[in-house]
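Notes to accompany the following structure.
Numbers for residues simply follow the sequence, beginning at 1.
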Amino acid sequence: LLAIVVFVMHKKEIYTYAAEHNEVTITGLTDYGKKQMKLIIPDHIKGHAVTSIGFHAFVDCKNVQEVQIPATVKLIDAGAFSDCKNLKIVNILGETDIANGAFEGCESLVEFHIVEGQSNIQSSCFYDSGLSNINEILKSTDVISDCMFLECVNIQEVVVPGNVRKIQYNAFGYCYSLKEIVIPDSVEELEDGIFWSNDDLTIITSSGSKAEQYAIDHDIPYEIRDDL
């Protein structure tokens, strides 16, 4: 079925969008919208729920510094905010799927807030971003996907929460500042190559855990803590 694409050009309107089956996908910004530094994505447009942020919808938007995404949004598509170099703060008010590279290259990103739950955060989502504290993000997913935090050079410490079951390939590759990661025994699967080029890393885990065996197999320094 053919989507009805509506380009909103009124000077006071901010977003362009596509509407289909009473649902709205945000596809980009109007010329007026491109001047905005803070974007509050609406939960409805003309009575229709806003359910997704489209592919590359805000790619390389130079002015945007803060974004709020409503709970109605169930998909942030691939590259939606990629290379938004000045984006600093993201607030996501509901569980959602975040597709590949959605926030890739957001080098100024320092705050990312998302509700705890079962959001599906896909590969390379935060690749080469400015994030340093990712613990809140990890509470919203059970898989740390491949290349999820690749080249996030500001991350120094990570505490993996008990909801995480799997850490995939290169999830923390080339995070040169990462010194310590706490991995509880709830993590049942760790793929090869999670920590490429993290030469100063120490894994903290419990005795007999999969993380302990991973550290032994990959010659990574580790410490045992009984309180995990």
Open item on the list: Filter on side-chain hydrogen bond (donor to acceptor under 3.5 Å, both in side chains), then keep only pairs touching residues 132-148, sequence neighbours left out; what's left?
Closed with: H113-E136
Task: Validation row: I76, I92 side chains within 4.5 angstrom (heavy atoms) - done: yes
Task: Short side-chain to backbone donor-acceptor contact, S124 and G101, under 3.5 Å - done: no
Open item on the list: If you count heavy atoms of other groups shown closer than 6.0 angstrom to CG of D227, is the number above 12?
Closed with: yes
Open item on the list: So, taking the atom named OG in S52 and the one named CD in E20, what distance separates them when rounded to the nearest 0.5 Å?
Closed with: 10.0 Å
Task: Nearest heavy-atom neighbours spanning C84 and C61 - done: SG-N, 3.7 Å
Open item on the list: For the backbone of F172 and the side chain of N198, can you confirm whether one donor and one acceptor N or O come within less than 3.5 Å of each other?
Closed with: yes
Open item on the list: If you apply the rule side-chain contact (heavy atoms from CB on, under 4.5 Å), what do you find for I203 with I183, and how did you get there?
Closed with: CA-CA 7 Å; I203 292 175; I183 305 178; 4.1 Å; yes
- [ ] Determine yes or no for a side-chain-to-main-chain donor-acceptor pair under 3.5 angstrom, with S108 supplying the side chain and K85 the backbone.
- [x] yes
TODO: Please answer: with hydrophobic residues joined when any side-chain heavy atoms are less than 4.5 Å apart, are V187 and I155 in the same cluster?
DONE: yes
- [ ] Look at atom NZ of K38 and say whether more than 12 heavy atoms of other residues, nucleotides or ligands are closer to it than 6.0 Å.
- [x] no
TODO: Could you tell me whether E191 and K166 have a side-chain N and a carboxylate O separated by less than 4.0 Å?
DONE: yes
Open item on the list: On a heavy-atom basis, which atom in P42 and which in P70 lie closest, and how many Å separate them?
Closed with: O-CG, 3.6 Å
Open item on the list: Do V67 and I45 sit in one hydrophobic cluster, given that two such residues count as connected whenever their side-chain heavy atoms are within less than 4.5 Å of each other, even indirectly?
Closed with: yes
Open item on the list: Check whether T30 reaches the backbone of G33 with its side chain - one donor and one acceptor, N or O, closer than 3.5 Å.
Closed with: yes
Task: CA sep, side-chain torsions, deciding dist, call: Y15, Y32, side-chain contact (heavy atoms from CB on, under 4.5 Å) - done: CA-CA 9 Å; Y15 305 101; Y32 176 76; over 6 Å; no
TODO: Report yes or no: does N154 contribute a side-chain atom to a donor-acceptor pair with the main-chain N or O of S177 at less than 3.5 Å?
DONE: no
TODO: Check the hydrophobic clustering (I, L, V, M, F, W, Y; side-chain heavy atoms under 4.5 Å; chains of links allowed) and say if V64 and I89 are grouped together.
DONE: no
Open item on the list: Can you give me the closest heavy-atom contact between R225 and V182, atom names plus distance?
Closed with: NH1-CG2, 4.5 Å
TODO: Give, for atom OG1 of T51 and atom NE2 of H44, the distance between the pair rounded to the nearest 0.5 Å.
DONE: 10.0 Å
- [ ] Identify the two heavy atoms, one from S186 and one from G162, that lie closest to each other, and give their separation to 0.1 Å.
- [x] OG-O, 3.2 Å
TODO: Evaluate the side-chain proximity of D60 to F81: yes if any heavy-atom separation is below 4.5 Å, no if none is.
DONE: no
TODO: Flag the pair L39 / L29 as yes when at least one side-chain heavy-atom distance between them is below 4.5 Å, and no otherwise.
DONE: yes
Open item on the list: Just so I know, are the side chains of S82 and F103 near enough to count as touching, which here means a heavy-atom distance under 4.5 Å?
Closed with: no
- [ ] Could you grab the distance from atom NZ of K88 to atom CE of M37, nearest 0.5 Å is fine?
- [x] 9.5 Å
Open item on the list: Nearest 0.5 Å, please: how far is CG in N170 from SG in C147?
Closed with: 4.5 Å
- [ ] Kindly indicate whether the side chain of E223, heavy atoms from C-beta on, has any atom under 4.5 Å from the side chain of T202.
- [x] yes
Open item on the list: Is there a side-chain contact (heavy atoms from CB on, under 4.5 Å) between T72 and L93? Walk through the geometry before answering.
Closed with: CA-CA 9 Å; T72 55; L93 304 183; over 6 Å; no
Task: Heavy-atom closest pair, residues A99 and D77 - done: CB-C, 3.6 Å
TODO: Calculate, to the nearest 0.5 Å, the distance between atoms OG and CG belonging to S197 and L178 respectively.
DONE: 12.5 Å
Task: Side-chain donor/acceptor of T96 to backbone N/O of V73, under 3.5 Å - done: yes
Open item on the list: If I compare all heavy atoms of C106 with all of L87, which pair ends up nearest, and what's the gap?
Closed with: SG-CD2, 4.2 Å
TODO: Taking the six-membered ring for Trp and the single ring otherwise, decide whether the centroids of Y214 and Y222 are under 6.0 Å apart.
DONE: no
Open item on the list: Could you check whether S123 and N100, counting side-chain N and O atoms only, form a donor-acceptor pair closer than 3.5 Å?
Closed with: yes
Open item on the list: Tell me whether T16 contacts the main-chain N or O of G28 through its side chain, where contact means a donor paired with an acceptor under 3.5 Å.
Closed with: yes
- [ ] Kindly work out whether a path of hydrophobic side-chain contacts (I/L/V/M/F/W/Y, heavy atoms less than 4.5 Å apart) joins I220 to I216.
- [x] yes
- [ ] For I194 and I144, run side-chain contact (heavy atoms from CB on, under 4.5 Å): C-alpha distance rounded to whole Å, both residues' side-chain angles, the deciding distance at 0.1 Å, then the answer.
- [x] CA-CA 10 Å; I194 293 171; I144 304 176; over 6 Å; no
Open item on the list: Strictly distance-based, threshold 3.5 Å: is any side-chain N or O of E23 a donor or acceptor partner for the main-chain N or O of A19?
Closed with: no
Open item on the list: Could you check whether F112 and F126 have their ring centres less than 6.0 Å apart?
Closed with: yes
TODO: Check whether any side-chain N or O of N63 sits under 3.5 Å from a backbone N or O of K34 as a donor-acceptor pair, and report yes or no.
DONE: yes
Task: Contact check, side chains of T25 and I53, non-hydrogen atoms, under 4.5 Å - done: no
Open item on the list: Hydrophobic clustering (ILVMFWY, side-chain heavy atoms < 4.5 Å, transitive) - are L190 and M148 grouped together?
Closed with: yes
TODO: Indicate whether any N or O donor in one side chain lies under 3.5 Å from an N or O acceptor in the other, for H218 and D192.
DONE: yes
Task: K74, NZ atom: more than 12 neighbouring heavy atoms under 6.0 Å - done: yes
Open item on the list: Quick one, I181 and I204 - any side-chain contact, counting heavy atoms below 4.5 Å?
Closed with: no
Task: K62 side, atom NZ; D83 side, atom CG - distance, nearest 0.5 Å - done: 9.0 Å
Task: Pairwise side-chain contact, F195 with Y174, heavy-atom cut-off 4.5 Å (strictly under) - done: no
Open item on the list: Could you check whether any side-chain N or O of S129 sits under 3.5 Å from a backbone N or O of G105, counting only pairs where one atom can act as donor and the other as acceptor?
Closed with: no
